[in-house]
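Would you mind keeping the following structure in view while I ask a few things?
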2 protein chains.
Amino acid sequence: MADSNPHFMNGVPELLILQVLREREMYGYELVEEIHRRSGTVISIGEGVVYPVLHGLERSGALASRRVKVNGRSRVYYALTPQGAARLEGLSDSWSRLSDAIRLVMTGAAHA
Amino acid sequence: MADSNPHFMNGVPELLILQVLREREMYGYELVEEIHRRSGTVISIGEGVVYPVLHGLERSGALASRRVKVNGRSRVYYALTPQGAARLEGLSDSWSRLSDAIRLVMTGAAHA
DNA sequence: GTATTATGCCTTGAACTTCGAGGTATAAGG
DNA sequence: CCTTATACCTCGAAGTTCAAGGCATAATAC
């Protein structure tokens with residue numbers, strides 16, 4: 001009964017993928033499980049989201065990939081490039097700013 | 001130089017609109033400014049977003065509207081219904097769960 | 001007197017994401 | 001054999017946000 005994450009997911013997959021890849025290189029299938037696990041099973045990215053994001057990030061130079069054969073199965077490992085690190089920093093900042101701003105509105109801040 | 005809010009806005013307008021309307025009834029134009037102000041000018045919803053959301057929420061029974069004439073100008077005030085309050089609660093919870101989960105991933109949580 | 005700004009409502013099309021389902025293939029286990 | 005787990009991928013539907021623009025009244029500026 002894994003509920004999907006509705007409503008607030010825009011841009012989140014890209015942010016989390018970059019963050020996790022900053023720590024070590026991983027392949028798509030692994031990312032899905034790692035993010036699910038580390039989020040306390042709250043976030044389920046799904047392969048239909050991971051692979052397009054991965055390809056887009058590689059195309060834009062944020063990630064570099066290498067194919068590896070493991071037990072006859074083929075894996076594509078992705079690693080952060082310097083551009084990817086910069087992109088992560090930007091996304092991370094804009095996420096922080098947004099979630100802070102939302103907290104302000106939700107707690108009924110008096111004025112700016 | 002009003003920057004737009006990119007990447008992480010999915011579902012946020014609806015959440016904030018419901019939250020602000022829980023405190024008092026308001027009209028569309030006013031909501032845009034109130035949210036912008038209370039967010040510390042970080043969030044700019046835009047009329048092209050506010051009106052469709054307002055109409056959708058009314059159609060689904062979360063809001064009730066009434067027209068008011070003020071100085072010859074016509075305003076449409078929106079107020080939260082009980083259904084709207086329930087919807088707000090649900091959205092607010094799912095926002096909290098998501099932002100907590102993201103924080104877990106971003107801070108490199110050990111495991112579930 | 002007329003032009004511009006501020007108020008206030010609204011719609012439209014493009015662009016982007018996520019989602020869900022499905023397709024391919026190898027390896028292991030019952 | 002047949003199902004499950006691993007691992008890659010694509011596609012179409014659905015839903016949002018965004019930018020731009022249109023309409024109308026009132027107040028201010030020139």
Side-chain angles (χ1 to χ4, degrees), chain A residues 1-18 25-36 39 42-60 63 65-78 91 94-95 98 102, chain B residues 1-18 25-36 39 42-60 63 65-78 91 94-95 98 102:
Chain A
M1 200 168 292
D3 56 332
S4 66
N5 357 275
H7 255 125
F8 298 117
M9 285 302 289
N10 215 323
V12 171
E14 185 182 344
L15 171 66
L16 298 186
I17 287 168
L18 287 171
E25 68 173 3
M26 288 175 101
Y27 52 99
Y29 199 80
E30 190 183 9
L31 277 163
V32 170
E33 297 182 324
E34 176 70 3
I35 290 173
H36 186 253
S39 71
V42 170
I43 299 173
S44 298
I45 297 289
E47 301 175 44
V49 172
V50 165
Y51 290 116
V53 169
L54 249 18
H55 299 158
L57 287 172
E58 180 172 27
R59 206 180 319 119
S60 73
L63 298 180
S65 69
R66 69 189 180 91
R67 291 195 99 84
V68 177
K69 271 224 166 183
V70 178
N71 278 346
R73 291 190 219 83
S74 178
R75 292 177 181 167
V76 183
Y77 278 90
Y78 290 88
L91 286 180
S94 92
W95 170 259
L98 179 66
I102 290 176
Chain B
M1 199 171 292
D3 57 330
S4 67
N5 358 273
H7 254 129
F8 298 117
M9 285 303 288
N10 216 322
V12 171
E14 185 183 344
L15 172 66
L16 298 185
I17 286 169
L18 287 171
E25 68 173 4
M26 289 175 100
Y27 53 99
Y29 199 80
E30 191 184 9
L31 277 164
V32 171
E33 297 183 323
E34 176 70 3
I35 290 173
H36 186 252
S39 72
V42 170
I43 299 173
S44 299
I45 296 287
E47 301 174 45
V49 172
V50 164
Y51 290 115
V53 169
L54 248 19
H55 300 158
L57 286 172
E58 181 173 30
R59 206 180 319 119
S60 73
L63 297 179
S65 70
R66 68 189 182 90
R67 291 196 99 84
V68 178
K69 273 224 162 183
V70 179
N71 278 347
R73 290 190 219 84
S74 178
R75 292 177 182 169
V76 184
Y77 278 90
Y78 291 89
L91 286 180
S94 92
W95 170 260
L98 179 66
I102 290 175

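Computation of the quantities below employed the complete heavy-atom set of this structure, encompassing side-chain atoms and omitting hydrogens, waters and symmetry-equivalent molecules. Since we're looking at a predicted model, the values are computed, not measured. So that the names make sense, note that chain A is the first sequence line, chain B the second, and so on, each numbered from 1.
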Using whole Å, report how far OH of A:Y27 lies from P of D:dT6. 8 Å
Tightest non-hydrogen contact, residues B:V12 and B:W95, listed as CG2-CZ3, 4.4 Å
A:V53 has a side chain; which of C:dG8, D:dC9, C:dT18 sits nearest to it? C:dT18
Give the rounded distance in Å between these two atoms: CG of B:L31 and P of C:dC10. 12 Å
Checking contacts here: which listed nucleotide (C:dT17, C:dT7, C:dA27) is nearest the side-chain heavy atoms of B:H7? C:dT17
Can you check the B:I17 CD1 to D:dT16 C1' distance for me, whole Å? 12 Å
Closest to the A:N10 side chain: D:dT6, D:dC9, C:dT17? C:dT17
Under-4.0 Å side-chain N/O to phosphate OP1/OP2 contact, B:Y51 with C:dC9: yes
Rounded to whole Å, how long is the line connecting atom CD1 of B:I45 with atom P of D:dA19? 12 Å
Whole-Å gap separating P (C:dT18) and CD1 (A:I43): 12 Å
Answer with base, sugar-phosphate or nothing: what part of the nucleic acid does B:E47 contact at a heavy-atom distance below 4.0 Å? base
For the residue pair B:E47 and B:P52, what are the closest heavy atoms and their distance? O-CD, 3.9 Å
Closest nucleotide among C:dT7, D:dC8, D:dT17 to the A:V76 side chain: D:dC8
May I ask you to verify if any side-chain N or O of B:R75 is less than 4.0 angstrom from the OP1 or OP2 atom of C:dG8? yes
DNA chain D: 5'-proximal contact among A:S74 and B:V49 (nearest heavy atom): A:S74
Residue whose closest nucleotide on DNA chain C lies nearer the 5' end, A:G46 versus B:Y29: B:Y29
Any side-chain heavy-atom pair of A:Y78 and A:L31 under 4.5 Å: no
Shortest non-hydrogen pair, B:M9 vs B:P13, comes out as O-CD, 3.1 Å
Any base atoms under 4.0 Å from A:G28, or only sugar-phosphate, or nothing? Heavy atoms, all strands. sugar-phosphate
Please say which of A:E58, A:E25, A:R75 ends up in a side chain to side chain donor-acceptor pair (under 3.5 Å) with A:S65. A:E58
Measure NZ/B:K69 against P/D:dA26 and give the value in whole Å, please. 8 Å
Side chain of B:P52 only, please: which of D:dC8, C:dT11, D:dT16 is the nearest? C:dT11
Nearest-Å distance for atom pair CE/C1', residues A:M26 and D:dT6: 15 Å
So A:G72, base contact, sugar-phosphate only, or nothing? Heavy-atom distance under 4.0 Å. sugar-phosphate
Any B:H55 side-chain N or O less than 4.0 Å from OP1/OP2 of C:dT11: yes
Heavy-atom pair with the smallest gap, counting every atom of A:G72 and A:K69: O-NZ, 4.3 Å
Take the protein atom CG of B:L54 and the nucleotide atom C1' of C:dC9, then report the distance between them rounded to whole Å. 11 Å
Taking the side chain of A:R73 as heavy atoms from C-beta outward, which of C:dC10, C:dA27, C:dT18 is closest to it? C:dA27
